S.K.: 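Sharing a structure below in structure tokens format, with a few things to ask.
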Number of protein chains: 2
Amino acid sequence: MEFSIRCQNCSFSHLCIPFSLSDSEISVLDDIIRRNKPLQPGQCITEYGKPLTSLFAVRSGSFKSYIMSADGEQQITGFHLPGDIIGFDGLSTQSHQSFTQALETSMVCEIPYTMLDDMSSTLPALRRQMTKLMSEEISHEQQVLMLINKRNAQERIIHFLLNLSARFKARGMSGSSFNLTMTRGEIGNYLGLTVETVSRILSKLNKQNLISVDGKLIELLSIDGLKEELSDSAPLSSACR
Amino acid sequence: MEFSIRCQNCSFSHLCIPFSLSDSEISVLDDIIRRNKPLQPGQCITEYGKPLTSLFAVRSGSFKSYIMSADGEQQITGFHLPGDIIGFDGLSTQSHQSFTQALETSMVCEIPYTMLDDMSSTLPALRRQMTKLMSEEISHEQQVLMLINKRNAQERIIHFLLNLSARFKARGMSGSSFNLTMTRGEIGNYLGLTVETVSRILSKLNKQNLISVDGKLIELLSIDGLKEELSDSAPLSSACR
DNA sequence: CGGCTAGTTGACTTTAGTCAAACACCGTGG
DNA sequence: CCACGGTGTTTGACTAAAGTCAACTAGCCG
């Protein structure tokens, strides 16, 4: 059936768990993966507190993950594109720590975790890749912390756009023209800004002809110009020794 | 010699890699661990770009980890207490992604990584514990992102103090009275605040008799009162739907 | 057509940052 | 023993960046 694309011919496998596995190893992995029907925008694949039985790999579309505070406030912790793995934060308790919601019609590969863990004892390359992916997530979150703590609103948004651009490019899509599947509010939530600030800065960058904004459609007109804007701003803060 | 405390009688093993390993498994682990001489304040155990050959477990004292941006700006990503594992962020590239510096005279257990990885193929409990520790680090960083993005200066500092308190308590030390081994500047750097703001808020909490500040020595006079301060403040922001 | 959500823009406010000055603490060396 | 320099901390006065509040527009879908 149509949902059954295999890892062997998946164009995102170099970003995903199969990276650096041999063909035979990939085939073993492929056998345990479940590919379900597409998800509609708004549908959740993980919810806080639910038992973690599988990890998910984004097959197509996009997702947001968010945690929720005691008072019900959301904090978006990441946006996921094809090839990304979802669920690492739940492995410590074997129950999900965050919510993950489809931003558009999307598909995922579901990877039963106990099987994956079992396989990793006999396949060192698989174990190493899992470790690598988790380690990358830790490093990435550290970079986000610096972005939020040390950069102003415009710098955060430019970083965000450039990061999206690079990730689209790594997936064989255009890095200069893409659709935002998240709202301005979701971008702001992630970056610690309000909707208004996000909107104002996108308008400003648009006016400067650095980007072209047409609703959800974003074109990066001058990536160099955008990077220029980053280095222009105050290079050192007093918080740094 | 005096540096050779073993995992078997280490009082932090329940927080560390040995957790949930059997006695015989701990003994295998213990054999690969190197215990070097104490580190002086300011000494680094990891530096960006250096090959990662070992992970480190804090044995005594405390550390800060920080990443550095292209323009030399530091972002502190965490403070480490006994039992904490240092180095997960470097596993993806097999080279360290951050700097880790002793804040006081401290000792670490050095765990050669290839040996640890080899062991994890035959010891599922070890593999699971490593995964658990990495997963916890991911979850923790997500919580920090929410703290920085959604909480004001006072809330960040109270959270920071309560978190330190809980961690000291989990290590059998007083959760109500402790020494800050980091400077106000380092606290501010971590929380995205300036030295002045940190100082002002500590003074304010001191004046409110919620804490007592005497230089580096902090006493939490009313943990309930501090938590009260958290829930008092604006419960919902407009960034949340 | 009407109602809803998302997005934009303007006017005003607030929080934390900046700049500056002074103090405390600590180790060094005369 | 005390003077000195350095780093860390505190406090005050002022500023600026982003948040808040509000009004309005643009799509979208029933």
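Note on naming: letters A, B, ... go to the chains in the order of the sequence lines (proteins, then strands), and numbering restarts at 1 for each one. What you see below is based on every heavy atom in this structure, not just the backbone, and it leaves out hydrogens, waters and symmetry mates. From a predicted model like this one, the values you see are computed outputs, not experimental measurements.
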S.K.: Could you measure the distance from the CD1 atom of I157(B) to the CD1 atom of I201(B)? Nearest 0.5 Å is fine.
M.R.: 4.0 Å
S.K.: Is there a side-chain contact between K150(B) and Q74(A) (heavy atoms, below 4.5 Å)?
M.R.: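 Heavy-atom side-chain distance check fails, nothing below 4.5 Å.
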S.K.: Report the distance from atom CD1 of I157(B) to atom C1' of dT10(D), rounded to the nearest whole Å.
M.R.: 14 Å
S.K.: May I have the distance from E186(B) (atom CD) to dG8(D) (atom C1'), rounded to whole angstrom?
M.R.: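 Rounded to the whole Å, the gap is 11 Å.
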S.K.: Name the closest nucleotide to the T197(B) side chain, picking from dT9(C), dG17(C), dG19(D).
M.R.: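 From the listed options, dG17(C) comes nearest.
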S.K.: Is it true that the side chains of Q97(B) and T93(B) contain a donor and an acceptor less than 3.5 Å apart?
M.R.: yes
S.K.: Nearest to the side chain of A153(B), heavy atoms from C-beta on, is which of dG19(D), dA16(C), dA6(C)?
M.R.: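 That would be dA16(C).
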S.K.: Which nucleotide wins on minimum distance to the side chain of N152(A), given the candidates dA18(D), dA16(C), dA6(C)?
M.R.: dA18(D)
S.K.: Look at the side chain of S199(A) and decide which nucleotide, out of dC21(D), dA18(D), dT8(C), has an atom nearest to it.
M.R.: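 Nearest nucleotide to the side chain: dT8(C).
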S.K.: Give the C-alpha distance, both sets of side-chain angles, the deciding distance and a yes or no for salt bridge (charged side-chain N to carboxylate O under 4.0 Å, His left out) between K216(A) and E104(A).
M.R.: CA-CA 13 Å; K216(A) 298 276 187 191; E104(A) 59 189 313; over 6 Å; no
S.K.: If you pin G192(A) and D214(A) to their nearest nucleotides in DNA chain D, which one's is more 5'?
M.R.: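 On the 5' side of the pair lies G192(A).
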S.K.: Report the relative orientation of the aromatic rings in F99(A) and Y66(A); use parallel for angles under 30°, tilted for 30 to 60°, perpendicular for over 60°.
M.R.: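 Rings of F99(A) and Y66(A): parallel, under 30°.
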S.K.: Which nucleotide in the set dT10(D), dG17(C), dC19(C) lies at the smallest distance from any side-chain heavy atom of V195(B)?
M.R.: dT10(D)
S.K.: Measure from CD on E155(B) to P on dT14(C) and round the result to the nearest Å.
M.R.: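 Roughly 17 Å, once rounded to whole Å.
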S.K.: Please report the distance, rounded to the nearest Å, between CG in L193(A) and P in dT8(C).
M.R.: 14 Å
S.K.: To the nearest Å, give me how far apart CG (N179(A)) and C1' (dG27(D)) are.
M.R.: 15 Å
S.K.: Which of these nucleotides, dT10(D), dG10(C), dG7(C), is closest to any side-chain atom of R200(A)?
M.R.: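 Nucleotide nearest to R200(A)'s side chain: dG10(C).
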S.K.: Starting at atom CD1 of I218(A), determine the distance to atom P of dG7(C), rounded to an integer number of angstrom.
M.R.: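 These atoms are roughly 10 Å apart.
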S.K.: Would you check if there is a donor-acceptor pair between the side chains of T197(A) and T194(A) at a distance under 3.5 Å?
M.R.: yes
S.K.: Over its full length, what angle do the end axes of the helix from dC1(C)-dG30(D) to dG30(C)-dC1(D) make, each axis taken from five pairs and the result rounded to 10 degrees?
M.R.: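 If I round to tens, the end axes sit 30° apart.
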S.K.: Round to a whole Å and report the spacing from CG of L217(A) to P of dG7(C).
M.R.: 14 Å
S.K.: For the side chain of R184(B), starting at C-beta, report the closest nucleotide among dT9(D), dT8(C), dA16(C).
M.R.: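 Nearest listed nucleotide: dT9(D).
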S.K.: Partners of S98(B) by side chain to side chain contact (heavy atoms under 4.5 Å, CB included), sequence neighbours excluded?
M.R.: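 Testing S98(B) for side chain to side chain contact (heavy atoms under 4.5 Å, CB included), a comparison that skips the adjacent residues, returns Q142(A), I67(B), D89(B).
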S.K.: From the list dT18(C), dG7(C), dA18(D), which nucleotide is the closest neighbour of the side chain of K216(A)?
M.R.: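 So the side chain of K216(A) is nearest to dG7(C).
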S.K.: Looking at T77(B), L103(B), T181(B), which hits side chain to side chain contact (heavy atoms under 4.5 Å, CB included) with K64(B)?
M.R.: L103(B)
S.K.: Can you tell me if the side-chain N/O atoms of T194(B) get under 4.0 Å from OP1 or OP2 in dA16(C)?
M.R.: no
S.K.: Once you apply a heavy-atom cut-off of 4.0 Å, does S203(A) come out as touching a base, just sugar-phosphate, or nothing?
M.R.: sugar-phosphate
S.K.: I need the CD1-P distance between I187(A) and dT8(C), as an integer number of Å.
M.R.: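 To the nearest whole Å, that distance equals 10 Å.
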